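What you see below is based on every heavy atom in this structure, not just the backbone, and it leaves out hydrogens, waters and symmetry mates. Numbering of ligands and ligand atoms starts at 1, following listing order. Just so it is clear, the model here is predicted, and its values are computed rather than measured.
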Amino acid sequence: MGLVVTDVTLGGSVVGVRCEDGRIAEIDADVAPTRGDEVVDGTGLAIVPGLINAHTHAAMTLFRGFADDLPLMEWLENHIWPAEKRLRAEDVYWGTRLACLEMIRTGTVAFWDMYWHPEAVARAAEDAGLRATVATPLIDGDDAARARADAEAALDRVEASASGRVVAGFAPHAIYTVGPESLRWVSKRAESLEATIQIHLSETRHEVEACLAEHGVRPAVHLDRAGLLGPRTIVAHGVWLDEAELDLIAERQATVVTNPVANLKLAVGGLFPYPAARERGVQVGIGTDGAGSNNSLDLFSDLKTFALMQKNAAADPAVITAGEALALGRGESSKLLRSPALVVGGLADFLLVRLRSPELALGTLDAGLVYAASGSIVDSTVVAGRVLMRGGVLEGEEEILARARECATSLGIL
Ligand SMILES: [Zn+2]
């Protein structure tokens with residue numbers, strides 16, 4: 001008994017796809033369902049790999065449209081941080097469920113998260129059916145030793161409750177909120193637990209100047225000296241990385257995750273130097289960042305924005321193709337992001353997109369997906385062989401919307 005998608009378009013041919021035990025078992029023109037199989041009719045649909053949102057703060061959907069259009073520090077200090085102090089695990093759970101709802105609707109099959117109450121994030125991802133790397137946040141605050149102990153305890157709780165679909169990791173927030181001692185501690189703990197690390201790096205010019213003033217080196221070098229730059233590390237943003245830092249990141253095999261829409265909205269004044277990173281073989285992914293600063297979790301929108309920003313900055317429309325932007329969105333440029341490839345034996349994580357939608361009816365599929373489409377062209381989303389959305393319908397949508405609204409109301413945001 002498995003899942004069979006019939007008469008679906010793959011690379012110009014019409015095929016059947018059989019999934020068993022969470023993996024793709026067969027792709028062939030004559031794959032047909034047998035008794036007991038779950039069947040999805042793929043007529044008029046193309047099967048494509050799912051997207052990976054490689055940096056987000058899912059529960060911040062609760063802050064969507066709250067205190068917009070303000071400078072970064074005013075937004076954080078006067079609005080977001082005071083509201084976050086009131087957050088309960090229940091709020092994070094429903095905020096994350098709301099994020100998962102949006103990600104499933106718009107073609108994301110896996111996300112990398114960094115937020116408070118990580119065990120609630122993990123539970124929400126499990127219940128929603130998505131893959132997630134749920135990182136436990138660390139900010140030194142007034143008592144760094146206590147913050148480290150809290151982070152490790154939270155990691156243990158996530159690990160204890162997580163399945164293979166959801167895994168735990170560390171998330172020291174940034175080099176300006178976590179001191180060298182805690183950074184070294186994360187490096188050692190992550191090494192011994194073989195855990196991943198997510199950290200914001202080089203988002204603003206001010207961060208670079210402050211790092212140079214305090215430590216005498218640029219942010220990537222500072223991170224490397226703490227032992228944090230390695231193949232299991234994601235650095236989010238990387239807007240102000242210089243060429244020597246890109247060389248170092250390539251050598252250490254860390255992944256840079258660019259968040260083009262969030263960078264534009266918070267007006268960081270620059271963009272991730274993608275062509276220079278690509279030239280050096282830096283591994284790259286794309287994220288939305290949180291819904292407080294994007295405000296959408298529709299990664300198709302970020303793919304388009306990323307490609308257009310890079311073309312414009314290079315004054316060269318050929319600097320990146322639609323296919324390359326899609327590959328980055330599918331995690332194909334990073335070993336850490338574990339891209340779901342559509343091959344027999346691969347993970348059964350894929351999308352069925354509407355070939356009869358106006359955006360995809362004409363022209364090549366890659367160009368349609370990146371330059372014309374939004375996530376609304378996704379008809380069905382499958383993760384680990386389980387259909388999370390079918391024909392645009394998700395189970396439990398009304399309850400998630402109602403509960404998230406209740407949480408936002410109790411936080412005083414609505
Ligand atoms: Zn972030």
Open item on the list: Take a 6.0 Å sphere around CZ of Arg405 and say whether it holds more than 12 heavy atoms from other residues, nucleotides or ligands.
Closed with: no
TODO: Assess the pair Trp240 and Phe272: is the distance between their ring centroids shorter than 6.0 Å?
DONE: no
Open item on the list: If you count every heavy atom of other residues, nucleotides or ligands that lies below 6.0 Å from Lys311 atom NZ, does the total exceed 12?
Closed with: yes
Task: Leu369 vs Leu326 side-chain heavy atoms within contact, under 4.5 Å - done: yes
Task: Any side-chain heavy-atom pair of Thr381 and Asp349 under 4.5 Å - done: no
Task: Aromatic ring proximity Tyr274/Phe306, centre distance under 6.0 Å - done: yes
Task: In the protein, N/O/S atoms that are found under 2.8 Å from the Zn ion (ligand 1), waters not counted - done: His55 NE2, His57 NE2, His200 NE2, Asp289 OD1
